[in-house]
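What you see is a predicted model; the values in this text were computed from it and never measured. Computed from heavy atoms alone, side chains included, the values below leave out hydrogens, waters and symmetry copies.
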Amino acid sequence: MSWAAYGKGTPVTLIVPGLAATPGEARIPASGLTGTRVVMTLPGHGDEPDAPPGYWRYSTLAKDVVRAADAVKARNAIGVSLGAGALTRVVADDPDRFDKLVLMLPAVLDSPRPRVELKRLTTEDPAKLRALVAEPLPAGHALGSYVEERAAALTRLRPAILELEDEHPIDSLAELGSVSSEVLVIGAVGDPLHPEDVAHATAKAFPHARLEIFPSPAPLITHRAQIRALLQEFTR
């Protein structure tokens, strides 16, 4: 696990990407934020070595997130999908850890994902995997090398997906009842890997939360400008 810093000054915002995020995807939430943006690279991503067996647990991920946050003195944090789950575990353990917290496309909360969705991600058929990656993208979107890169990342991380099969960040919503952070939850409509109802449940579980739902299964692509503006306003 490593991280890279961009910009300078305060606030310091830690970005925790989702599973199999390409380097470009991992940096999207950092775009245009004021202060210092610190983007984590998880094991098995980019140039990082693969994680040892048993690593892919929200409790383990949370420890790495805390180590990075302590090192860079981050008081804001943004997590996407798996990263949102890791941050949820962090603040369940330490309710005053962050001032502002953004949970984008949360996939799970207090119960595991449906296994049928995870099974699709672990297919060994390259054509099916590429089709799955392209599925939520809008018609006419310039794909470039994205589909191939994302499919390759998912193939590399198949063991991680299998380890996460029964994982979820918290066991009880009550674990989040004392979190002091201002929380922004961003959800999507029509994305089976990041169900809208999980975004609603996540926002409801925090004492100080705001929910924004975008009418797209791929809002980081279709509504990137709106999300960038939302993040800039919320984290400043």
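- Residues satisfying the side-chain contact (heavy atoms from CB on, under 4.5 Å) test with Val66, not counting sequence neighbours, are Asp70, Val90, Arg97.
- The shortest distance between side-chain heavy atoms of Thr34 and Pro11 falls below 4.5 Å.
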For residues 195-204, run the donor-acceptor check on the side chains, cut-off 3.5 Å, and write out each pair with its distance to 0.1 Å, sequence neighbours left out.
unit_1: Glu196; atom_1: OE2; unit_2: His200; atom_2: NE2; d: 3.4
unit_1: Thr202; atom_1: OG1; unit_2: Val198; atom_2: O; d: 2.7

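- Placement of Leu220 and Leu103 in two distinct hydrophobic clusters is found when ILVMFWY residues are connected by side-chain heavy-atom separations under 4.5 Å, directly or transitively.
- Residues in residues 123-138 take part in these salt bridge (charged side-chain N to carboxylate O under 4.0 Å, His left out) pairs, two or more places apart or across chains: Arg120-Glu135, Arg130-Glu148.
- Of all non-hydrogen atoms in Pro219 and Ile227, the two that sit nearest each other are O-CD1, 3.6 Å.
- Checked by atom type and distance alone, the side chain of Glu149 never pairs as donor or acceptor with a backbone atom of Tyr146 at under 3.5 Å.
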As a quick check of understanding, evaluate side chain to side chain contact (heavy atoms under 4.5 Å, CB included) for Arg27 and Ile15, giving each step before the final call. CA-CA 8 Å; Arg27 291 192 298 271; Ile15 290 91; over 6 Å; no

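- Looking at Leu132 and Thr123, their side chains never come closer than 4.5 Å, going by heavy atoms from C-beta outward.
- Every pair passing salt bridge (charged side-chain N to carboxylate O under 4.0 Å, His left out) that includes a residue from residues 52-62 is listed here, sequence neighbours excluded: Arg57-Glu163, Arg57-Glu167.
- Both Leu19 and Leu121 belong to a single network of hydrophobic side chains, linked directly or stepwise wherever heavy atoms of I, L, V, M, F, W or Y lie under 4.5 Å apart.
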Can you give each donor-acceptor pair under 3.5 Å made by side-chain atoms of residues 178-186, sequence neighbours left out, with the distance rounded to 0.1 Å?
unit_1: Ser180; atom_1: OG; unit_2: Pro95; atom_2: O; d: 3.3
unit_1: Ser180; atom_1: OG; unit_2: Asp96; atom_2: OD1; d: 2.7
unit_1: Ser181; atom_1: OG; unit_2: Phe98; atom_2: O; d: 2.7

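- Contacts of Arg158 classified as side chain to side chain donor-acceptor pair (under 3.5 Å), with partners at least two apart in sequence or in another chain: none.
- Judged as a side-chain contact (heavy atoms from CB on, under 4.5 Å), and not counting sequence neighbours, the contacts of Asp93 are Arg89.
- Of the inter-residue distances, the one linking Leu193 atom CG with Ser81 atom OG reads 7.5 Å to the nearest 0.5 angstrom.
- For the pair Leu176 and Ala92, the tightest heavy-atom approach, listed with the atom from each and the gap, is CD2-CB, 3.9 Å.
- One distance of note links OG of Ser111 with CD1 of Ile170; it measures 9.5 Å at 0.5 Å rounding.
- Across Pro169 and Gly85, no two heavy atoms sit closer than the pair CB-O, 3.4 Å.
- No path of Ile, Leu, Val, Met, Phe, Trp and Tyr side chains, each step under 4.5 Å between heavy atoms, connects Leu157 with Leu105, placing them in separate hydrophobic clusters.
- Across Leu230 and Arg210, no two heavy atoms sit closer than the pair CD1-NH2, 3.1 Å.
- Cluster annotation: Ile28 is connected to Phe214 through the hydrophobic network of ILVMFWY side chains, with a link wherever side-chain heavy atoms come within less than 4.5 Å.
- Judged purely by atom type and a 3.5 angstrom limit, Thr60 has no side-chain atom pairing as donor or acceptor with the backbone of Trp56.
- By the 4.5 Å heavy-atom criterion applied to side chains, Leu33 and Ile78 are counted as neighbours.
- A donor-acceptor pair under 3.5 Å is formed between the side chain of Arg156 and the backbone N or O of Gly44.
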Run the numbers on Leu129 and Leu154 for side chain to side chain contact (heavy atoms under 4.5 Å, CB included), then give the verdict. CA-CA 8 Å; Leu129 193 56; Leu154 286 168; 3.9 Å; yes

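- Side-chain atoms of Lys73 never come within 3.5 Å of backbone atoms of Val12 as a donor-acceptor pair (strictly under, hydrogens ignored).
- For Asp64, the side-chain contact (heavy atoms from CB on, under 4.5 Å) partners are Met1, Tyr55, Arg67, not counting sequence neighbours.
- Scored by the salt bridge (Lys or Arg N to Asp or Glu O under 4.0 Å) test, Arg37 finds no partners at all (sequence neighbours excluded).
- A side-chain contact (heavy atoms from CB on, under 4.5 Å) with Pro29 holds for exactly one of Thr235, Val80, Val102; it is Val80.
- Between the side chain of Thr36 and the main chain of Thr10, no donor-acceptor pair closer than 3.5 Å is present.
- In summary, of the residues considered (Leu87, Val108, Val16, Leu42), a side-chain contact (heavy atoms from CB on, under 4.5 Å) with Leu82 occurs for Leu42 alone.
- Checked against side chain to side chain donor-acceptor pair (under 3.5 Å), Arg236 has no partners two or more places apart in sequence or in another chain.
- Every residue meeting the side-chain contact (heavy atoms from CB on, under 4.5 Å) condition with Arg75, not counting sequence neighbours, appears here in chain and number order: Asp99.
- For the pair Ala20 and Glu25, the tightest heavy-atom approach, listed with the atom from each and the gap, is O-OE1, 4.0 Å.
- By the rule that hydrophobic residues join a cluster once side-chain heavy atoms approach within less than 4.5 Å of another member, Val39 and Leu231 end up as members of one cluster.
- Applying the side-chain hydrogen bond (donor to acceptor under 3.5 Å, both in side chains) test to residues at least two apart or on different chains, the pairs with a partner in residues 38-49 are Ser2-Glu48.
- Looking at every heavy atom in both residues, Asp171 comes nearest to His168 through OD1-CE1, 3.0 Å.
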